[in-house]
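Below, all heavy atoms of this structure are taken into account, side chains as well, without hydrogens, waters or symmetry copies. Within every chain, numbering begins at 1; the chains are lettered A, B, ... in the order of the sequence lines, protein sequences first and strands thereafter. Because the structure is predicted, anything quoted here is derived from the model rather than measured.
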Number of protein chains: 2
Amino acid sequence: MKFEAVTIKDIAKALGLSTSTVSRALRDSYEISPETKRLVIEYAQKINYQPNPIALSLKERKSRSIGIIVCEIANSFFSQVINGIESIANTRGYNIIIAQSKESAERELADLQFLASRSVDGLIISVTTETTDYSFLKDLYQRGLPIVFFDRIVNEIATHKVISDNVKGSYDATKHLIDQGYKNIALVTSSEGLFITKERMAGYQAALKDHGFVVNADYIKHCNHSGMIQAEIEDAVNQLWGLRKKPDAIFAASDKLTTGVLRLLKARKVKVPQQVGLIGYSNADYTELIDPPLTIVKQPAFEIGQIAIELLLQMIESKRPVTDFETRVLNTELIIRASTRSK
Amino acid sequence: MKFEAVTIKDIAKALGLSTSTVSRALRDSYEISPETKRLVIEYAQKINYQPNPIALSLKERKSRSIGIIVCEIANSFFSQVINGIESIANTRGYNIIIAQSKESAERELADLQFLASRSVDGLIISVTTETTDYSFLKDLYQRGLPIVFFDRIVNEIATHKVISDNVKGSYDATKHLIDQGYKNIALVTSSEGLFITKERMAGYQAALKDHGFVVNADYIKHCNHSGMIQAEIEDAVNQLWGLRKKPDAIFAASDKLTTGVLRLLKARKVKVPQQVGLIGYSNADYTELIDPPLTIVKQPAFEIGQIAIELLLQMIESKRPVTDFETRVLNTELIIRASTRSK
DNA sequence: TTTATTTACGCAAACGTTCCCGGTAACGAT
DNA sequence: ATCGTTACCGGGAACGTTTGCGTAAATAAA
C-alpha cells in the first residue's frame with residue numbers, strides 16, 4: 001500500500017511552469033510576479049499540496065525531529081515533562097521521537113544509536129541510574145548533536161541542563177518530617193553515582209545537621225534501579241527494619257520509590273503515619289487518594305519540559321556554536337497531607 | 001550547529017570506487033567481488049558509516065515511522081499500549097511519533113494533519129470522545145494510509161481494529177456488584193456516540209436484566225470528555241445524588257472517571273464501600289494503594305499495543321492492498337478488592 | 001583465433017526540494 | 001540605435017541513496 005502525495009512537479013506541469021518558479025512562488029519570493037504567485041498558490045491549495053518534509057530534510061540536512069530518552073513514559077513525572085516538550089515542539093514544527101531506557105544502560109545505548117541513526121536534530125535526555133559510561137553521549141555531543149539534560153543530568157558534559165532544586169526540595173521534606181516530630185528519618189533513594197541522588201542526599205543531610213541530628217549511614221538506602229525492580233526496594237526496607245533502632249519516618253526520593261515503599265509498609269502492616277511517617281517525591285495526580293494521602297515533593301515537570309525544549313531549539317537554530325550554557329534550577333513544591341501527620 | 005555524518009560518497013572516494021559499487025557492496029549484491037565487498041564493509045565499519053534514513057525515505061517513499069494518536073500519554077492505559085507498540089516497532093526498525101489529542105476533536109485533526117504531513121507510513125489511533133466527523137480520517141485512509149484502530153474504534157472505516165471485550169468486561173463488573181448485594185447500580189461512562197461506550201453500556205444493561213433488575217436511565221451518566229474535565233464528573237455525581245433513590249454502587253467506565261468519581265465521593269464524605277460500592281475500568285498500577293483499594297476492570301493494554309502494531313506493519317509491508325480485516329477482541333481481567341466489599 | 005558468456009564495475013536517473021546561475025524580454029536613459 | 005536596469009522565469013545541480021542499463025575485461029566455448 002502506498003500513499004501518493006502531490007508534489008511541486010505536479011503543480012509545475014499543470015500550470016506550465018518550472019519547478020523553480022513554483023517553489024519560489026510558494027515561498028513568496030520577490031522575483032515572482034503577483035499574478036503567477038496567485039495562480040500557483042490557488043492551485044496548490046486546490047489540490048491540497050503539502051511540501052514533502054523528507055525531501056526538505058534531505059536538502060536542509062536536518063530532520064526537524066528531536067529525540068527524547070526517559071526511563072519510562074508511564075511515570076507521571078516523565079509523561080508530564082514530555083507534555084511540556086511536546087507543547088512547544090509542535091508549535092515550532094518539530095516532532096518528537098520518544099524512547100524508553102527502562103533504567104537499563106544497555107537499552108539507553110541502543111536508544112541513542114537508534115536516534116542518532118534517525119538523525120534527530122537534537123536530544124533531550126534524563127539518563128539511567130545505571131549509566132556510568134558517557135562516552136557515546138560525549139561522542140555524539142562532540143560531533144555536533146545538540147543535547148539538553150534534565151532531571152538526571154550528567155555534569156561531565158558542558159551543555160544546557162534543567163533540574164529542580166533537589167537540595168532545597170529534600171531539605172524541605174526532611175525539615176517537615178523533623179517539624180512533625182520524627183526522630184529517626186531514613187532516606188530511600190536512587191543509585192549513588194547519580195547527581196540528583198547526591199543533591200537529594202545533601203539536602204537531607206543538611207536538614208538533619210541544621211536541626212541537631214546526626215546523619216546515620218544505616219538510614220540511607222540506595223536502589224540502583226530507582227525502584228524499577230521491586231526487589232531492591234524490598235531489600236532496602238528489610239535492611240531498615242533489621243536495624244536495632246528502626247526508622248520512624250521514611251523519605252523516598254522518587255516516584256516509584258514512594259509507592260514501592262508504601263506497598264511494602266502495607267504488606268508489613270506498618271501503620272502510616274502512626275508508626276512511620278512517609279514523604280516522597282512524586283508527580284502522580286492521585287497521591288491524595290492513597291491511603292493515607294501522601295505528603296509529597298512535587299517537581300514542576302511540565303515547565304522542566306518546556307524549558308528543556310526551548311533551550312534545545314535555541315541550540316539547534318543557532319547560527320554559531322553555543323558556548324554559553326546555563327543550568328536552570330526550578331523550585332519544587334511541598335504538599336503536606338496525612339502521611340506525615342503522626343505526632 | 002550541524003551534525004556531519006559520513007556518506008556513501010566518502011567511502012567511494014576513499015576507496016576509489018563508484019557510489020553504486022559501494023551501495024551494492026554494502027547490500028551484499030551478487031555482482032560485487034568478495035574482495036571489494038570486504039574492503040568496503042571493513043572501511044564502512046571503521047569510519048562508522050550509517051545509512052542516511054532520510055535519503056532512503058525519499059527514495060523508497062516511506063518514512064519508516066508510524067504515528068500514534070491517543071488522548072493523553074499520562075494515562076496508564078495509553079502509556080501501556082504505547083509500550084506495547086514500541087516494543088515491536090523498535091525491533092522492526094520503525095520509530096513512533098506520538099501525538100496527544102487531549103480529548104479535543106480539534107487537536108485530533110491538527111495531529112492528523114501534522115502526522116500526514118510528516119508522511120508516516122501508518123497510523124494507530126484511539127479517537128477522541130468528541131470526534132463525530134471522520135471525514136479527514138476516511139480521506140487519509142482512502143488515499144492509502146494504513147490505519148489501525150484500538151480502544152475507541154470507528155466502525156465506519158473498514159480496517160483492522162483491536163479492542164478488549166467491553167461487553168463482557170462490563171457485564172462481569174456489573175455482575176460482581178450484583179453478587180455483592182448492591183441494588184442500585186449507576187454507570188458513569190464516556191460520550192454516547194463512542195462505540196466502546198455503547199458496548200460497555202450493553203454489558204452493564206445485560207447483567208442487570210439477566211439478574212432481574214430494571215435498567216434505570218437516570219442511573220446512566222455520560223461524560224463527554226471522558227473525565228478530562230473534572231466538572232463533568234461533578235455534574236454526573238451531583239445528578240446521581242439528586243435522585244430520590246441514590247445509587248448504592250457506581251461503575252466507572254474509564255481510568256480518569258474512576259479516580260474522578262472517587263475523589264468526589266471522598267469530598268462528599270461518602271464511605272466507600274459501606275455507603276457506595278465503586279468499581280472502575282483502570283490500568284493504573286497503584287489502585288491497590290488507594291483508600292479503599294479499588295476493584296477494577298483491567299485491559300490487556302500492552303498486548304493491545306502489540307497486536308495493533310503487528311496488524312499495522314502487516315498492512316504497511318503488504319505488497320497488494322489488504323482487504324481482509326479483522327477485529328481482535330481481548331479479554332479483560334476483573335481484580336476484586338475492597339471498594340466493592342460492602343455487604 | 002573468434003565469438004559468446006560471465007564477472008565486476010561505472011554512469012546516470014530518480015525521489016522532492018531549494019537555490020545559484022543564467023537568460024529574455026520590456027523599458028527608460030543616453 | 002545602443003546600453004543598463006529591472007522584472008520574471010527556467011535550467012540544472014545538489015542533498016544521499018538505489019538501481020536499470022551499459023560496458024570493459026576476463027573467461028569459456030566454438
Any side-chain N or O of Lys9(A) below 4.0 angstrom from OP1/OP2 of dC15(C)? yes
Among dC8(D), dG16(D), dC9(C), find the nucleotide with the atom closest to the side chain of Pro34(A). dC8(D)
Categorize Thr36(A) for me: base, sugar-phosphate, or nothing, with a 4.0 angstrom heavy-atom threshold over every strand shown. sugar-phosphate
Once you round to the nearest 0.5 Å, how far does CD1 of Ile125(B) lie from CD1 of Ile68(B)? 11.0 Å
In whole angstroms, how far is the P atom of dA14(D) from the CG atom of Leu58(A)? 14 Å
Any side-chain N or O of Ser18(A) less than 4.0 Å from the OP1 or OP2 oxygen of dG10(D)? yes
Report yes or no: does Arg64(A) contribute a side-chain atom to a donor-acceptor pair with the main-chain N or O of Arg92(A) at less than 3.5 Å? yes
Would you give the length of the straight line joining atom SG of Cys71(B) to atom CD of Glu108(B), rounded to the nearest 0.5 angstrom? 10.0 Å
Donor-acceptor pairs under 3.5 angstrom involving side-chain atoms of residues 146-158 of chain B: please list them, not counting sequence neighbours.
residue: Asp151(B); atom: OD2; partner: Ser126(B); partner atom: OG; Å: 3.2
residue: Arg152(B); atom: NH1; partner: Val127(B); partner atom: O; Å: 2.6
residue: Arg152(B); atom: NH2; partner: Glu103(B); partner atom: OE2; Å: 2.5
residue: Arg152(B); atom: NH2; partner: Ser226(B); partner atom: OG; Å: 3.3

Describe, as an angle rounded to 10 degrees, how the axis at the first end of the helix from dT1(C)-dA30(D) to dT30(C)-dA1(D) is tilted relative to the axis at the last end, five pairs per end. 70°
Quick check against the 3.5 Å criterion: does Gln100(A) have a side-chain atom that pairs as donor or acceptor with the backbone of Ile73(A)? yes
Indicate, with a heavy-atom threshold strictly under 4.0 Å, whether Ile54(B) touches base, sugar-phosphate, or nothing. nothing
Is any side-chain nitrogen or oxygen of Arg61(A) closer than 4.0 Å to OP1 or OP2 of dA14(D)? no
Over all atoms of both residues, closest heavy-atom pair of Tyr43(B) and Leu15(B): CG-CD1, 3.8 Å
Between Ser57(B) and Pro53(B) (side chain of the first, backbone of the second, donor and acceptor by atom type, cut-off under 3.5 Å), is there such a pair? yes
Round to a whole Å and report the spacing from NZ of Lys37(B) to P of dC9(C). 10 Å
Below 3.5 Å is the cut-off: list the nitrogen or oxygen pairs between protein and nucleotides 18-23 of chain D, distance only.
residue: dT18(D); atom: OP1; partner: Arg27(B); partner atom: NE; Å: 2.9
residue: dT18(D); atom: OP2; partner: Ser23(B); partner atom: OG; Å: 2.6
residue: dT18(D); atom: O2; partner: Lys59(B); partner atom: NZ; Å: 3.3
residue: dG20(D); atom: O6; partner: Arg24(B); partner atom: NH1; Å: 3.3
residue: dG20(D); atom: O6; partner: Arg24(B); partner atom: NH2; Å: 2.9

Checking all strands, does Gln50(A) fall into the base, sugar-phosphate, or nothing category for heavy-atom contacts under 4.0 angstrom? sugar-phosphate
Hey, does the side chain of Ser33(A) reach the backbone of Thr36(A) with a donor-acceptor pair shorter than 3.5 angstrom? yes
Closest non-hydrogen atoms of Phe78(A) and Val70(A), given as atom of the first, atom of the second and distance, are CD2-CG1, 3.6 Å
